[in-house]
Structure formats: structure tokens, C-alpha cells
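Start at 1 with the first residue, then count along the sequence. In each ligand, atom 1 is the first atom listed, and ligand 1 is the first ligand listed.
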Amino acid sequence: MEQSFFPCINELIGRFGTPLYLYDFSHITQQYHALKDEFAARKSLIAYALKANSNLSLVAHLARLGSGADCVSLGEVKRALLAGIAPYKIIFSGVGKQEYEIREALKIGILFLNVESEAELLCVEKVACELGICARISLRVNPDIDPKTHPYISTGLSENKFGVSIDEAKRLYLYAHKSEHLEPVAIHFHIGSQILSLEPLAQSVQKIAALLRSLLAIGLPLRFFDVGGGIGIPYKNEQTFALYDYAQMILANLSGLDVTIICEPGRFIVGNSGFLVCSVLYEKITQSKRFVIVDGAMNDLLRPTLYQAYHDVMVWRNGWLATDNGTACDVVGPICESGDWLAKDVVLPPLQSGDLIVFKSAGAYGMAMASNYNSRERAAEVAFDHTGKIWQIRERESLQNLWALELPFLQAQN
Ligand code: LLP
């Protein structure tokens with residue numbers, strides 16, 4: 001995978017500059033099929049979670065493979081449509097959908113809304129009534145299971161803001177079933193992200209499948225079993241579970257039921273398909289530490305400082321992978337915070353200005369969480385595939401882009 005673009009890395013950097021996000025679209029294809037194929041014996045929909053990376057060309061690539069979309073804002077729904085995902089493959093989740101977003105999603109005719117509270121259910125009913133339609137809905141059920149991941153991305157415990165309890169779900173499903181303007185079609189859960197052990201997922205599937213069976217038994221017409229996302233990926237050398245075991249566990253729990261399985265993977269599809277390439281600016285050795293200062297920063301890749309996340313690094317010099325011996329250092333950016341680091345205590349060879357540091361596993365929640373902090377332009381994005389084809393999928397922001405929405409007000413004051 002990596003070798004396919006690195007022979008021309010100098011040319012790439014010459015053309016597009018750094019910091020630069022690079023995506024291997026062939027790897028995205030592989031990941032999509034690897035998951036989809038595990039459910040070949042069943043009706044299934046892979047609803048890619050746009051939040052991981054919502055670049056239009058990347059989503060369009062997934063749309064061409066047949067992917068649907070899991071969205072958490074009207075903006076993501078519109079992105080999915082723009083990228084060519086059909087409305088009937090789009091799901092809209094999130095605890096804080098606003099009335100205008102619900103109205104628009106219902107008008108578009110998406111597959112269903114994943115409802116997360118009683119108040120939201122009543123809002124959906126009201127909007128559907130105003131539109132004179134019946135809204136397809138699912139409830140996000142919180143199974144109260146610890147996914148054993150970073151607390152910020154853990155969502156399946158009763159202390160988290162997500163979903164409704166099993167008891168509340170029963171009550172709300174019955175309410176929705178009786179409503180003229182609500183059509184419960186699915187059941188959903190998502191207990192967290194970067195899950196490395198199958199156990200919490202298996203416990204959740206068991207609980208939610210049991211609830212599904214009891215709802216079907218009393219006549220609810222549920223047709224979709226949505227298992228959320230959360231499949232963990234290796235960043236270092238973590239042991240992940242086998243996709244085969246994951247799929248078989250789900251299939252076993254649904255035996256005898258005629259429901260379509262929906263998966264909402266984000267990280268699994270794009271995480272290890274992306275790289276962030278930065279240029280070394282300076283080395284600085286203080287009394288206590290060696291720092292390598294690069295042109296990328298926490299505004300480009302927030303994960304290290306926000307979640308203490310590890311992203312493996314490679315050093316490229318004059319088009320070659322540098323493998324010489326090194327010493328420990330922190331790789332930091334130009335932002336005015338001590339929290340602005342991209343790697344801590346990594347062993348790197350002596351570096352010179354212009355050497356490239358490539359952060360791996362940066363395809364998910366990298367560019368998607370980038371900001372303009374410190375008035376820094378967000379990076380360009382470039383895609384490549386196994387044939388060596390390269391194409392730009394997002395321009396580097398300009399300073400004009402950064403202040404375009406403020407300038408008219410400055411001018412009005414003068
Ligand atoms: N479905 C729902 C309802 C979600 O909340 C999420 C992620 C996904 C699917 C996709 O999860 P995945 O397959 O990517 O694990 N910024 C964090 C991750 C936040 C995940 C939020 N929800 C990070 O950089 O690790």
C-alpha cells in the first residue's frame with residue numbers, strides 16, 4: 001500500500017506542498033469489500049460513517065462501491081447526496097437533531113432517522129404530521145455495556161448521553177407503533193469507537209437481538225438491525241478481532257429473522273487508508289528534550305493531543321525511507337500550546353529541514369477534525385490508487401478563505 005505512492009512522494013510534495021493528507025483509494029475499496037463480503041449470505045448495507053472523513057470524492061468513491069451513509073448532521077446528509085449516495089441508503093443519527101434538520105431529512109426521504117430520546121421522537125412525530133407523512137424511525141438503544149475504549153469515544157454506558165435504555169425503548173417502540181406519523185422500521189446501537197475486543201460487541205448484539213425478537217413477537221414491523229460502527233484498527237500493533245468472527249457473531253444472534261444488517265463503519269474503512277505528510281522545519285534540543293518541529297500541527301491532526309492517540313511515523317528523505325538509527329524526540333507543530341504535539345517519545349534519526357515525516361493511520365478523524373486554529377489554512381487532500389493514479393480531492397485553504405466571512409463586516413465598519 002505505502003510503496004505505491006512513496007516512489008513519487010517528492011513529486012507529490014512538489015506539486016501539493018505540506019502538510020498534505022494522502023488517501024489510498026484502493027485500500028478503501030479493499031476494506032469496504034472485506035466487511036461487505038462477510039455478510040454475503042444476508043441482506044446487508046454498509047452505511048459509511050461520514051464523520052470519519054467526509055471528503056466528497058472519498059464519499060463518492062464509496063458510493064460507487066455501493067455504500068450507504070451514516071450521517072450526524074444535515075450537512076453530512078447533503079454531502080452524502082452530493083457524493084451520489086441514494087436517499088434510501090442514508091441514515092441520520094445523533095442526540096441533537098434540530099427540527100429543521102429532521103424536516104429536511106424527511107422531505108429527502110432518507111432510509112430512517114435514528115432517534116435518541118423521547119423528546120426527539122415527539123419532535124419527529126410533530127414534523128411528520130405537519131408534512132402529512134409517516135416518518136421511518138429507529139431507536140438507538142443504549143445496552144449499558146462498557147466497550148473498553150477511550151472514555152471520550154465510549155458511548156454505550158448508561159452514564160453516556162446516547163440512546164435510550166432497553167425499558168424506555170420498549171415503551172417508545174409501542175408508542176411509535178400506534179402513531180399515525182411514525183413507522184418504526186429498525187433497531188440500532190453503537191457502544192463506542194476503536195473497539196478491539198469482540199466481547200462487548202457480542203454482549204450488545206445479544207441484548208439488542210433479544211429486544212428485537214420481543215418487539216417482532218408483538219407485531220412491530222422492524223426490518224433493519226443496525227449494529228453501529230466501532231470496529232477497531234491497528235495503529236501500532238494492537239490485536240484486533242477477526243471480521244469473520246464479528247460477522248458470524250451477529251449472524252448467529254439473528255438466526256431465523258428476516259432483517260437486513262446495517263453496519264456503520266468509519267475508522268475501519270478509512271483509518272489505515274490515510275496519511276498525513278509534514279515537512280521538518282527545525283530540530284531543537286533543550287536541556288531535557290529533543291524536539292522535531294514540523295509544519296503540521298494539532299489543528300491538522302487533533303487525535304494525539306485529544307485522545308493521547310498514537311500515530312506511527314515514517315521519515316522520508318530525498319524520496320527514500322530513512323531507516324538510520326536515532327534518538328527519542330517529540331514531534332511538535334508551530335501552534336502556541338504545549339499540547340500541540342503529534343508524536344511523543346518516538347525514536348527518529350537526525351533530521352534536516354525538508355525531510356518528510358509521514359503519520360500513518362490518519363484517514364479517519366484526521367482532516368474531519370481539522371480546524372483553522374492559529375489562523376492556519378487547512379491542508380490539501382490527494383488520493384491515489386494501486387495503478388499509480390493520483391488526483392487532488394481538496395485544495396489547500398487560502399488565507400482569503402479564512403477571513404472571507406469576516407471581511408464584509410470589517411469593510412462595513414470603515
Ligand atoms: N455510528 C455512530 C452512531 C457513531 O457515533 C460513530 C462514531 C460511528 C458509527 C463510526 O464509528 P467508527 O466505526 O469510526 O468507530 N474522533 C474519535 C472518534 C469518534 C467516534 C464518534 N462516533 C477518534 O478520533 O477516535
Side-chain angles (χ1 to χ4, degrees), residues 28 31-32 34-35 45-54 58-59 62 67-73 76-77 80 90-97 111-116 120 138-143 147-157 160-164 186-197 200-201 204 208 224-235 238 240-241 243 246 261-274 276 298 300-311 342 359-371:
I28 291 178
Q31 294 296 95
Y32 174 83
L35 187 57
L45 173 68
I46 306 294
Y48 167 66
L50 257 76
K51 60 176 83 68
N53 188 324
S54 59
L58 186 149
V59 180
L62 283 160
S67 181
D70 169 48
C71 302
V72 287
S73 67
E76 285 191 353
V77 172
I90 296 178
I91 298 165
F92 188 3
S93 316
V95 292
K97 297 177 210 78
L111 182 56
F112 57 79
L113 285 154
N114 258 329
V115 173
E116 303 225 15
E120 188 196 343
S138 164
L139 286 174
R140 176 167 176 176
V141 185
N142 184 328
K148 302 199 166 59
T149 183
H150 191 284
Y152 288 6
I153 53 175
S154 170
T155 55
L157 284 167
N160 302 129
K161 67 179 176 183
F162 297 97
V164 297
I187 190 160
H188 171 234
F189 72 90
H190 171 84
I191 59 169
S193 197
Q194 183 55 9
I195 300 173
L196 291 170
S197 142
L201 288 165
S204 306
I208 307 301
F224 300 96
F225 188 77
D226 180 350
V227 298
I231 304 170
I233 60 166
Y235 281 88
E238 301 91 331
T240 55
F241 51 78
L243 280 188
Y246 175 67
I261 296 165
I262 300 183
C263 293
E264 303 171 354
R267 192 188 313 265
F268 174 78
I269 303 282
V270 293
N272 276 329
S273 309
L276 173 64
M298 64 188 274
D300 299 300
L301 183 62
L302 187 60
R303 302 193 72 258
T305 191
L306 188 60
Y307 312 115
Q308 296 71 52
Y310 173 86
H311 286 262
L342 297 171
F359 294 88
K360 294 195 198 176
S361 315
Y365 308 107
M367 186 62 177
M369 294 175 76
S371 77

Inset, instruction - Please answer whether the main-chain N or O of Val72 pairs with a side-chain N or O of Glu76 as donor and acceptor at a distance below 3.5 Å. - result: yes

Legend entry - ligand 1-proximal atoms of Leu306, by part, heavy-atom distance under 4.0 Å: neither

Legend entry - Protein heavy-atom partner closest to atom 14 (O) of ligand 1 - residue, atom, separation in Å: Tyr365 OH, 2.6 Å

Inset, instruction - Give a yes/no on ligand 1: does Ala364 have at least one heavy atom closer than 4.0 angstrom to it? - result: no

Inset, instruction - Applying side-chain contact (heavy atoms from CB on, under 4.5 Å), run through Val59 and Asn53 and close with a yes or a no. - result: CA-CA 8 Å; Val59 180; Asn53 188 324; over 6 Å; no

Legend entry - For atom 25 (O) of ligand 1, the protein heavy atom that lies nearest, with its residue and separation: Arg267 NH2, 2.8 Å

Legend entry - Per-atom contacts, ligand 1 versus Asp70 - under 4.0 Å to a heavy atom: 1 (N), 2 (C), 9 (C)

Legend entry - Glu264 and ligand 1 - part of the residue with a heavy-atom distance under 4.0 Å: both

Legend entry - Whether Pro265 lies under 4.0 Å from ligand 1, heavy atom: yes

Inset, instruction - Measure the shortest side-chain to side-chain distance between Asn142 and Val164 over non-hydrogen atoms and say whether it is less than 4.5 angstrom. - result: no

Inset, instruction - Report yes or no: does Phe268 have a heavy atom closer than 4.0 Å to ligand 1? - result: no

Inset, instruction - Could you go through the side-chain hydrogen bond (donor to acceptor under 3.5 Å, both in side chains) check for Ser138 and Asp226 one step at a time? - result: CA-CA 9 Å; Ser138 164; Asp226 180 350; 5.7 Å; no

Legend entry - Arg140: numbered ligand 1 atoms lying under 4.0 Å from its heavy atoms: 3 (C)

Legend entry - Protein contact to atom 21 (C) of ligand 1 [nearest heavy atom, distance to 0.1 Å]: Lys51 CD, 3.8 Å

Inset, instruction - Could you walk me through whether Arg303 and His311 pass the side-chain hydrogen bond (donor to acceptor under 3.5 Å, both in side chains) test, one step at a time? - result: CA-CA 9 Å; Arg303 302 193 72 258; His311 286 262; 3.0 Å; yes

Legend entry - Protein contact to atom 17 (C) of ligand 1 [nearest heavy atom, distance to 0.1 Å]: Tyr307 OH, 3.1 Å

Inset, instruction - Please find out if less than 6.0 Å separates the ring center of Phe241 from that of Tyr246. - result: yes

Inset, instruction - Could you list which atoms of ligand 1 come closer than 4.0 Å to a heavy atom of Met369? - result: 16 (N)

Legend entry - Nearest-neighbour protein heavy atom for atom 15 (O) of ligand 1, which is reported as residue plus atom name and distance: Ser193 OG, 2.4 Å

Inset, instruction - Note the single closest protein heavy atom to atom 24 (O) of ligand 1, along with its residue, its atom name and the distance in Å. - result: Arg303 NE, 2.6 Å

Inset, instruction - Tell me which protein heavy atom sits closest to atom 19 (C) of ligand 1, plus the residue, atom name and distance to 0.1 Å. - result: Ile153 CG2, 3.6 Å

Inset, instruction - Give a yes or no on whether the backbone of Asn114 and the side-chain of Lys97 come within a donor-acceptor separation of less than 3.5 Å. - result: yes

Legend entry - Over all atoms of both residues, closest heavy-atom pair of Asp70 and Ser93: OD1-OG, 2.9 Å

Legend entry - Phe112 and Phe224 aromatic ring geometry - parallel, tilted or perpendicular at 30°/60° bounds: tilted

Inset, instruction - Flag the pair Arg267 / Ser193 as yes when at least one side-chain heavy-atom distance between them is below 4.5 Å, and no otherwise. - result: yes

Inset, instruction - Considering the heavy atoms of Gly266, write down every atom of ligand 1 situated less than 4.0 Å from one of them. - result: 12 (P), 13 (O), 14 (O)

